[in-house]
K.L.:
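Dumping the structure here so I can ask a few things about it.
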Amino acid sequence: MNDINKKRTGSLISIQDSLVKARFFDDVVMGETAEIAVDGKFLQAEVLQIQPDPKNAEAGIVEMQVFEDLTGAKIGDEVVFKGTPLSVLLGPGLLTSVWDGLQNPLYKLSEEDAYLKPGMQAPSLDEEALWDFTPSVKVGDALTGGDVIGSVPEGKVDHKILVPFSFGPCKVESIIEKSTVNITQQVAVVIDELGNKHELKLAFRQPVKSPIPFKERAIPTKPISTGTRVIDLLAPVGYGGTVGNPGPFGAGKTVLQHSLCKYAVADIIIMAACGERAGEAVEVFKEFAELEDPTTGESLMNRMCIFGNTSSMPVAAREASVFIALTVGEYYRYQGKKVVMLADSTSRWAQALRERSGRQGDIPGPEAFPMDIPDQIKGMYQRAGDDLGTGGSLTFIGTVSPAGGNFQEPVTQATMDATGGFWGLSQDRADAKKYPAIDPLVYTTSVYDGFVSWKDRQKMIQTLNDANDIDQTISTIGLKKVPVANYVQFQKGLTIDFCVMQQDAFDKVDACTRPERLAVINQAVQNLIDSDIAFEANDMDDEQLKEMIKHKFDELRQWWKDWNYAAKTDEELAKLPNAVDKFILQEEYAV
Amino acid sequence: MIRKEINKISEVGKALISVEGNPGVALNHVVELLEADSGQSLSFAKAINITEDSTRFQVFNGTTGLSTRTKIRMHELPLTAGFSNKMLGRSFDGSGEVADGGPEVIFEKQLSTRLDTLNPTVRNVPKQALWTGIPMIDVFNTLVKSQKIPIFAGPTEPYNRLLSQIAQGAQADVIIFAGIGLKFDEYQYFKEQLSQSGNIDKTIMFTHLAGDSQIKGLMLPDVALSVAREFGDQGKDVLVLLTDMTNWSNILRNVANYQDMIPSLQGYPGSLYSELAKRYEVAADIEGAGSITIIGATTLESLEDPVPDNTGYITEGQFFLENGKLKLARSLSRLKQGVNGKTRNDHRAIMTAMASLLADAEKAYEASEVGAANDPYSQKLLRYRTDFIDNIEEPFGEPIELEAALDRCWSILKRHFDPTETGLSKKLIEEYWDKN
């Protein structure tokens with residue numbers, strides 16, 4: 001690494017939108033950050049490429065993307081290279097925070113100006129907040145990067161204080177007693193193998209593009225209760241898993257995201273609002289702050305942090321925002337926490353890469369995305385995972401906004417290839433107001449274990465499939481040609497779709513279905529699928545019989561829907577399998 | 001102050017010029033182009049691409065008539081927009097110059113047109129309605145202050161007439177009309193209609209006519225939105241009407257092509273989403289200040305085209321204009337839920353009931369096209385459908401208050417249905433059925 005004390009500079013020779021080139025005479029490190037002095041402000045930039053200078057053999061040319069608006073920049077403006085790659089500040093105070101894409105705290109910045117202006121900066125974490133530090137090592141202990149030296153309570157979360165991951169083997173030279181400190185104060189000194197001393201504080205900076213390691217990486221197994229039935233039944237996601245969630249506009253992506261923030265069982269939720277509407281992020285941090293976490297009874301924001309690089313913010317910072325959020329997720333995973341990260345939307349992230357590669361003059365791939373976009377997407381999702389060594393996990397749920405709602409486009413395709421689960425929102429279901437609009441037939445895949453057995457899941461999908469086929473038969477050749485037995489199968493599928501797959505995200509009871517309730521529902525569903533229903537034909541002809549069957553199923557669906565909204569106690573829950581049993585026998589069940 | 005001048009233009013293209021070398025101009029700063037001999041001002045231009053070897057400018061008034069001898073005078077400032085309360089009732093062009101032949105406006109201040117992002121923490125969660133006097137909007141997709149919403153319409157639909165209707169009835173403090181690529185008769189119609197209503201005194205028009213310089217059209221939304229934002233910061237509720245954003249996107253596409261940028265879909269630059277978002281995101285309900293609401297007309301052949309598709313992801317809902325009617329089935333808005341529960345107690349219920357009956361009526365209509373739907377109830381539904389299209393989906397006419405619009409809904413229901421067929425609660429039926 002370079003001598004930190006030596007100032008290395010360059011000067012601008014080309015400016016185009018957010019991409020600049022500078023001439024330098026010292027050395028420049030690929031990926032390092034730089035500041036560009038424009039009109040007395042310092043704009044953040046990142047090195048993308050280093051080339052020879054055709055005009056001057058002594059010099060080199062560095063290409064950089066700038067994270068802020070460059071209005072006013074001139075040829076010759078000074079660039080100062082920082083020597084450190086793009087990094088994030090990790091430490092207590094991350095939770096409840098709301099930042100822009102570069103970890104500038106938005107509430108703090110709003111004290112200065114209502115608008116975000118180029119060059120504005122503030123400390124990423126509150127430097128005045130005090131934390132009760134309890135040490136867990138003593139003088140002479142041998143440590144290495146990632147080891148715990150103590151902890152502070154961060155709300156309900158036990159926040160471990162770690163030796164920065166870049167550190168090699170070292171020994172504790174001094175450590176403070178249990179005391180109250182802020183993140184700028186020294187809590188320990190360690191001495192490395194070369195005899196150099198390093199000061200440790202509650203917070204440290206971590207590069208965002210090189211992942212924080214796993215201790216013992218494992219395949220995700222335990223499913224997350226998301227509270228959304230179609231997901232938990234058909235396309236569950238495991239702790240440490242990855243999911244792609246594409247959908248055309250208006251199909252209900254935002255509502256689904258909000259629902260996951262509220263109900264997914266996890267220690268920490270990180271939201272990377274990447275290139276999307278500001279209003280949606282605002283709803284989360286303003287309204288969720290007042291909503292209660294159903295498990296802790298505290299404000300929902302206490303387990304959340306939000307990176308808001310919204311659609312009108314500088315495009316170059318969009319790419320950074322996702323990596324910064326991922327690194328925060330990895331940090332908490334390393335502490336043994338179950339983290340769920342939502343990135344909305346990875347398409348905007350990919351578009352930022354497209355804009356950049358276009359300006360750099362790269363040869364474009366399909367739809368002008370960079371050729372290596374599938375690899376970049378895979379690399380990003382690969383940072384999620386389950387860690388047996390720490391007991392933590394990082395789950396990554398990325399929404400995708402396919403152009404024209406077409407799932408064949410490059411980002412959706414690459415995402416399907418990169419993720420273990422797939423929740424596709426369908427325009428047809430959204431148009432029919434069937435929410436959540438995840439199509440149970442086409443767009444639910446998952447490699448993760450679920451809350452119901454694989455066999456049960458397959459039976460459910462088979463019934464839905466049958467119903468779909470019969471529905472098409474009915475609309476092409478008419479109901480008359482459909483045998484009664486098939487018509488019953490069709491009604492069974494309709495019932496499962498209407499009462500189980502569809503769910504009201506705005507109803508207090510129906511919005512969230514936990515595993516116990518899911519088990520009750522599954523019992524009823526399986527029973528319904530497996531049984532012949534004792535309809536009495538008497539002297540009805542087939543058409544009258546079908547009319548009667550429809551009527552009976554309508555009643556059941558109405559009853560079941562009411563149950564969805566009302567049943568809370570164990571006793572009330574048990575009524576569903578009972579009612580279905582009675583329905584199968586065609587006995588009276590409405591109570 | 002003596003301003004530095006450059007004497008040699010090396011390249012003149014469509015809308016763009018270049019000079020060799022680095023004259024010291026800064027990115028996005030403005031220069032003035034002068035006739036070589038007379039020194040007469042020809043146009044302004046903006047530096048968009050600077051290297052040590054050459055500098056490229058977008059020329060506001062077009063490049064026709066420019067020569068390599070044309071002089072460039074540097075202004076060393078980014079593009080600004082003049083602001084004054086005296087702009088109300090007046091018309092301006094895409095760079096904010098008076099365009100109605102009236103007296104010059106003395107600007108009180110110059111605004112940055114950079115459209116910096118509003119800090120999200122300063123945004124209020126949208127909760128206030130903005131009434132338009134159009135039943136289809138006020139009852140069924142209530143416009144919310146700070147909402148950004150497009151009108152999707154085929155190119156031959158009367159979307160500009162609809163914007164003019166909204167401008168006449170909208171209960172906003174200030175209305176800003178921003179027209180890009182307008183036909184002259186559309187501009188004139190809008191102006192005349194507005195003059196006849198009382199809202200002309202609170203309206204500012206920024207217009208770019210089809211055939212005017214492309215760059216002026218490209219910059220028009222930034223100038224108009226900067227002025228809108230200043231009113232918003234001063235506490236006013238501002239309604240911005242942008243038309244037509246497909247024209248604007250097409251100019252963006254042209255200019256990107258002149259700059260040899262790599263196109264993504266249908267020739268549009270990869271930045272189309274970000275560029276549209278930057279403008280629409282100006283819509284906001286600002287804590288401790290006013291609000292900016294944006295309705296943007298987007299003409300389309302197909303919803304999958306890049307402009308409507310990107311717009312749909314950026315905006316909050318949509319109005320759909322088809323055959324001159326605002327179609328209930330194709331319009332949507334999530335934000336309305338934040339306001340329509342706080343109006344008259346029948347608002348949400350009647351919205352749901354009528355929408356559900358209309359969905360049934362559409363099915364009956366489809367059946368009727370193949371000769372089915374002969375039963376009396378289907379006939380009822382068909383008559384309801386016609387009535388709904390004529391009296392609710394019809395956006396044009398005298399603006400009416402919400403209460404009157406709701407009453408109109410009741411009387412339509414009463415004309416065609418028995419109370420039990422509406423699915424409305426007994427309580428509401430008792431309260432409203434016989435009143436209308």
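The figures here come from the full heavy-atom set of this structure, side chains too, leaving out hydrogens, waters and symmetry mates. Just so you know, these numbers come straight off a predicted model, no measurement behind them. Proteins get letters first, then strands, A, B, ... in listed order; numbering begins at 1 in each.
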K.L.:
Answer yes or no: is there a side-chain heavy-atom contact under 4.5 Å between A:M120 and A:N104?
P.N.:
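Of all side-chain heavy-atom pairs linking A:N104 with A:M120, none is under 4.5 Å.
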K.L.:
So which of B:I286, B:D233, B:L332 has the largest heavy-atom pair count under 4.5 angstrom toward chain A?
P.N.:
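If we count pairs closer than 4.5 Å to chain A, B:D233 comes out on top.
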K.L.:
Any side-chain heavy-atom pair from A:I306 and A:M301 closer than 4.5 angstrom?
P.N.:
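The answer is yes, as the side chains (C-beta and beyond) meet within the 4.5 Å cut-off.
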K.L.:
Pick one of side chain, backbone, both or neither for B:N22, based on which atoms fall under 4.5 Å of a heavy atom in chain A.
P.N.:
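Only the side chain of B:N22 comes within 4.5 Å of chain A.
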K.L.:
Would you mind checking which part of B:V282 comes under 4.5 Å of any heavy atom in chain A, side chain (CB onward), backbone (N, CA, C, O), both or neither?
P.N.:
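No part of it gets close to chain A.
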K.L.:
Going by atom types alone, do B:D53 and B:T51 pair a side-chain donor with an acceptor below 3.5 Å?
P.N.:
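The criterion, which ignores hydrogens and geometry beyond distance, is not satisfied for B:T51 and B:D53.
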K.L.:
Chain B heavy atoms under 4.5 Å from A:T254: which part of the residue, side chain, backbone, both or neither?
P.N.:
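The side chain, not the backbone.
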K.L.:
Between A:E276 and A:K253, does any side-chain N to carboxylate O distance fall below 4.0 Å?
P.N.:
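Looking at A:K253 together with A:E276, the answer is no, because their closest N to O distance does not fall below 4.0 Å.
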K.L.:
Can you find a side-chain donor-acceptor pair between B:Q147 and B:S333 that sits under 3.5 Å?
P.N.:
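Result is yes, a qualifying pair exists.
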K.L.:
Using a distance-only test with no angle check, is there a side-chain donor-acceptor pair under 3.5 angstrom linking A:S401 and A:S345?
P.N.:
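Distance-only check passes for A:S401 and A:S345.
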K.L.:
Can you check whether A:L19's main-chain N or O pairs, donor with acceptor, with A:D17's side chain at less than 3.5 Å?
P.N.:
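Checked: no pair found.
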K.L.:
Under 4.5 Å heavy-atom distance to chain A, tell me which part of B:Y313 shows up: side chain, backbone, both or neither.
P.N.:
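Interface part for B:Y313: both.
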K.L.:
Side chain from CB out, backbone as N, CA, C, O: work out which of these in B:R334 comes under 4.5 Å of a heavy atom of chain A, or both, or neither.
P.N.:
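Answer is side chain: those atoms of B:R334 sit under 4.5 Å from chain A.
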K.L.:
Using a 4.5 angstrom heavy-atom cutoff, name the option from B:N124, B:L118, B:V122, B:N28 with the most pairs to chain A.
P.N.:
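It is B:L118.
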K.L.:
For residues B:L272 and B:S264, determine if any side-chain heavy atom of one lies less than 4.5 Å from a side-chain heavy atom of the other.
P.N.:
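In short, these two side chains do not touch, never coming nearer than 4.5 Å.
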K.L.:
Does anything in residues 346-354 of chain A get under 4.5 Å of chain B by heavy atoms, and if so which residues?
P.N.:
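Residues of residues 346-354 of chain A touching chain B at under 4.5 Å: A:R348, A:Q351, A:R354.
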K.L.:
Okay, side chain of B:K148, backbone of B:R279: is any donor-acceptor separation there less than 3.5 Å?
P.N.:
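Side chain of B:K148 to backbone of B:R279, a donor-acceptor pair under 3.5 Å: no, none is there.
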K.L.:
Look at the aromatic rings of A:H258 and A:F288 and report parallel, tilted or perpendicular, splitting at 30° and 60°.
P.N.:
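A:H258 vs A:F288 ring planes: perpendicular.
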K.L.:
Identify which of B:P120, B:A329, B:A277 forms the greatest number of heavy-atom pairs closer than 4.5 Å to chain A.
P.N.:
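Most heavy-atom pairs under 4.5 Å with chain A: B:P120.
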K.L.:
Between A:T412 (side chain only) and A:Q408 (backbone N and O only), is there a donor and an acceptor less than 3.5 Å apart?
P.N.:
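Not confirmed, A:T412 side chain does not pair with A:Q408 backbone.
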K.L.:
Return yes if a side-chain donor-acceptor contact under 3.5 Å exists between A:T399 and A:Q257, otherwise no.
P.N.:
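No, no side-chain donor-acceptor contact under 3.5 Å.
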K.L.:
For B:D260, is it the side chain, the backbone, both, or neither that has a heavy atom closer than 4.5 Å to a heavy atom of chain A?
P.N.:
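Contact with chain A: none, neither part.
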K.L.:
Would you say B:S226 and B:T113 are linked by a side-chain donor-acceptor pair, where the criterion is simply a distance under 3.5 Å?
P.N.:
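There is no such pair (donor and acceptor under 3.5 Å, judged by atom type) between the side chains of B:T113 and B:S226.
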K.L.:
Is A:V20 in contact with chain B via its backbone, its side chain, both, or neither, using a 4.5 Å heavy-atom distance?
P.N.:
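For A:V20, no heavy atom lies under 4.5 Å from chain B.
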K.L.:
So which part of B:Q318 gets closer than 4.5 Å to some heavy atom of chain A, the side chain, the backbone, both or neither?
P.N.:
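Only the side chain of B:Q318 comes within 4.5 Å of chain A.
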K.L.:
Checking B:Q337 against chain A: side chain, backbone, both or neither under 4.5 Å from a heavy atom?
P.N.:
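Neither part.
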K.L.:
Please classify the contact between B:R114 and chain A as side chain, backbone, both or neither, with a heavy-atom cut-off of under 4.5 Å.
P.N.:
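Only the side chain of B:R114 comes within 4.5 Å of chain A.
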K.L.:
In terms of side-chain heavy atoms, does B:Q259 have a donor or acceptor partner in B:N49 at a distance below 3.5 Å?
P.N.:
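There is no such pair between these side chains.
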K.L.:
Which atoms of A:F285 are under 4.5 Å from chain B, going by heavy atoms: the side chain, the backbone, both sets, or neither?
P.N.:
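Contact with chain B: side chain only.
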K.L.:
Find the one option among B:M261, B:E281, B:K278 whose heavy-atom pairs under 4.5 Å with chain A are most numerous.
P.N.:
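Between B:M261, B:E281, B:K278, the count favours B:E281.
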K.L.:
Under a 4.0 Å threshold between the charged nitrogen and the carboxylate oxygen, would B:E316 count as salt-bridged to A:R277?
P.N.:
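No salt bridge links A:R277 with B:E316.
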K.L.:
Answer with side chain, backbone, both or neither: which region of B:I262 has an atom nearer than 4.5 Å to a non-hydrogen atom of chain A?
P.N.:
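B:I262 touches chain A through side-chain heavy atoms alone.
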K.L.:
For residues B:L225 and B:I294, determine if any side-chain heavy atom of one lies less than 4.5 Å from a side-chain heavy atom of the other.
P.N.:
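Yes, at least one pair of side-chain atoms sits under 4.5 Å.
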K.L.:
Tell me, do B:M74 and B:H29 make a side-chain contact under 4.5 Å, heavy atoms counted?
P.N.:
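Side-chain contact under 4.5 Å: no.
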K.L.:
Taking atom types as modelled, is there a side-chain donor on A:Q65 or A:E319 under 3.5 Å from an acceptor on the other?
P.N.:
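Distance-only check passes for A:Q65 and A:E319.
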K.L.:
Examine whether an atom of A:E367 lies under 4.5 Å from a heavy atom of chain B, and if so say whether it belongs to the side chain, the backbone or both; otherwise answer neither.
P.N.:
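Contact with chain B is through both the backbone and side chain of A:E367.
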K.L.:
For A:D100, is it the side chain, the backbone, both, or neither that has a heavy atom closer than 4.5 Å to a heavy atom of chain B?
P.N.:
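For A:D100, there is no contact with chain B at all, as no heavy atom is under 4.5 Å.
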K.L.:
Measure B:P308 against the heavy atoms of chain A and call it side chain, backbone, both or neither at under 4.5 Å.
P.N.:
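Looking at B:P308, just its backbone touches chain A.
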K.L.:
Given heavy-atom pairs under 4.5 angstrom as the criterion, report whether the side chain, backbone, both or neither of A:D77 touches chain B.
P.N.:
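The answer is neither part of A:D77.
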K.L.:
By a 4.5 Å heavy-atom criterion (distance strictly below it), what part of A:P402 contacts chain B: side chain, backbone, both, or neither?
P.N.:
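Both backbone and side chain.
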K.L.:
Which atoms of A:A281 come close to chain B, meaning under 4.5 Å heavy atom to heavy atom: side chain ones, backbone ones, both, or neither?
P.N.:
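Contact with chain B: none, neither part.
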K.L.:
Based on non-hydrogen pairs under 4.5 Å, which of B:V25, B:D305, B:L115, B:T315 is most in contact with chain A?
P.N.:
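Answer, by heavy-atom pair count under 4.5 Å with chain A: B:T315.
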K.L.:
With a 4.5 angstrom heavy-atom cut-off, which part of B:L265 approaches chain A: side chain, backbone, both or neither?
P.N.:
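Just the side chain, heavy atoms under 4.5 Å.
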K.L.:
Heavy-atom cut-off 4.5 Å, strictly under: side chain, backbone, both or neither for B:E52 against chain A?
P.N.:
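Its backbone and side chain both get close to chain A.
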K.L.:
Examine whether an atom of B:L276 lies under 4.5 Å from a heavy atom of chain A, and if so say whether it belongs to the side chain, the backbone or both; otherwise answer neither.
P.N.:
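Neither part; nothing is under 4.5 Å.
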K.L.:
Does the distance from a Lys or Arg side-chain N to an Asp or Glu carboxylate O, for B:E76 and A:K74, drop under 4.0 Å?
P.N.:
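A salt bridge is absent here (no side-chain N lies under 4.0 Å from a carboxylate O).
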K.L.:
Is it the backbone or the side chain of B:P263 that comes under 4.5 Å from a heavy atom of chain A, or both, or neither?
P.N.:
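Backbone only.
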